[in-house]
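Here the structure is laid out as structure tokens; the discussion comes afterwards.
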Amino acid sequence: MKMTMRPRIVPMTETVDTSSKTVIREHNQDTLRIDLPWDMVNKVGFRWYDELRVIRDDYKLLLSVLPLHRPELYEHITPVKFTKKGGWEKSRNIFREVDNAYTLIEKDFIPQFSEGDEIELTYIHETESEERHVEVKHPNCSS
């Protein structure tokens, strides 16, 4: 009798990159575009919401779909947008479940950030006091 081993199913917490880098792009003269890493979009839940919360903390942004309870910081609501994964950027044939996500943030809200900045996105696990979220660090961020 030949025994076959079943493949090990890796829990989502082990498959999410904890950090990713991307470059901010200009969407139009008033907004900047931040592409969101596919795995973080799934883990944090951006994929299933039409909007996300952007909280500005000097040279960091915190992105979440749930309140982070940081009343001392500025908060802004921004749309979650989708673009065809590996396809034409202006495609209307979008599948929210698999296509790439991004967000558009008004330049006035994030004056420290500009087109061409290389940013680091880090997945932050939930704790007893705070929901899971993504931290976006500007290149000038010291912490």
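The basis for the numbers below is simple: all heavy atoms, side chains too, and nothing from hydrogens, waters or symmetry mates.
- Here R47 pairs with N42 under the side chain to side chain donor-acceptor pair (under 3.5 Å) rule; sequence neighbours left out.
- Contacts of R96 classified as side chain to side chain donor-acceptor pair (under 3.5 Å), with partners at least two apart in sequence or in another chain: D50.
- Between I110 and L61, the closest side-chain pair of non-hydrogen atoms falls below 4.5 Å.
- With salt bridges taken as basic N to acidic carboxylate O contacts below 4.0 Å, one links D35 and R33.
- Proximity of K137 to Y59: side-chain heavy atoms (C-beta onward) are nowhere separated by under 4.5 Å.
- Around the CD atom of E72, the shell of radius 6.0 Å holds more than 12 heavy atoms that belong to other residues, nucleotides or ligands.
- Partner L68 forms a side-chain contact (heavy atoms from CB on, under 4.5 Å) with one of L73, I124, L62, L63 and no other, that one being L62.
- With ring centers used as reference points, Y74 lies 6.0 Å or more from H76.
- Taking the side chain to side chain donor-acceptor pair (under 3.5 Å) definition, one finds that E120 meets it with S19, sequence neighbours left out.
- Residues passing the salt bridge (charged side-chain N to carboxylate O under 4.0 Å, His left out) test with D99 are K84, sequence neighbours excluded.
- Formation of a donor-acceptor pair under 3.5 Å by the W38 side chain with backbone atoms of V98 is found in this model.
- For the pair H125 and R132, the minimum side-chain heavy-atom distance is 4.5 Å or more.
- Identified under the salt bridge (Lys or Arg N to Asp or Glu O under 4.0 Å) test for residues 103-116, with sequence neighbours left out: E26-K107.
- For Y123 against M40, the heavy-atom pair with the smallest separation is N-CE, 3.9 Å.
- A donor-acceptor contact shorter than 3.5 Å is absent between the side chain of D57 and the backbone of K60.
- Remark: the backbone N or O of R53 is not paired with any side-chain donor or acceptor of S64 at under 3.5 angstrom.
- Looking at residues two or more places apart in sequence or on another chain, you find no side chain to side chain donor-acceptor pair (under 3.5 Å) involving T22.
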Exercise. Step by step, would you call L52 with V54 a side chain to side chain contact (heavy atoms under 4.5 Å, CB included)?
Worked result: CA-CA 7 Å; L52 60 92; V54 180; 3.6 Å; yes
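- Side-chain atoms of D117 do not come within 3.5 Å of backbone N or O of I119 as any donor-acceptor pair.
- A distance of 15.5 Å separates CG in N100 from NZ in K81, rounded to the nearest 0.5 Å.
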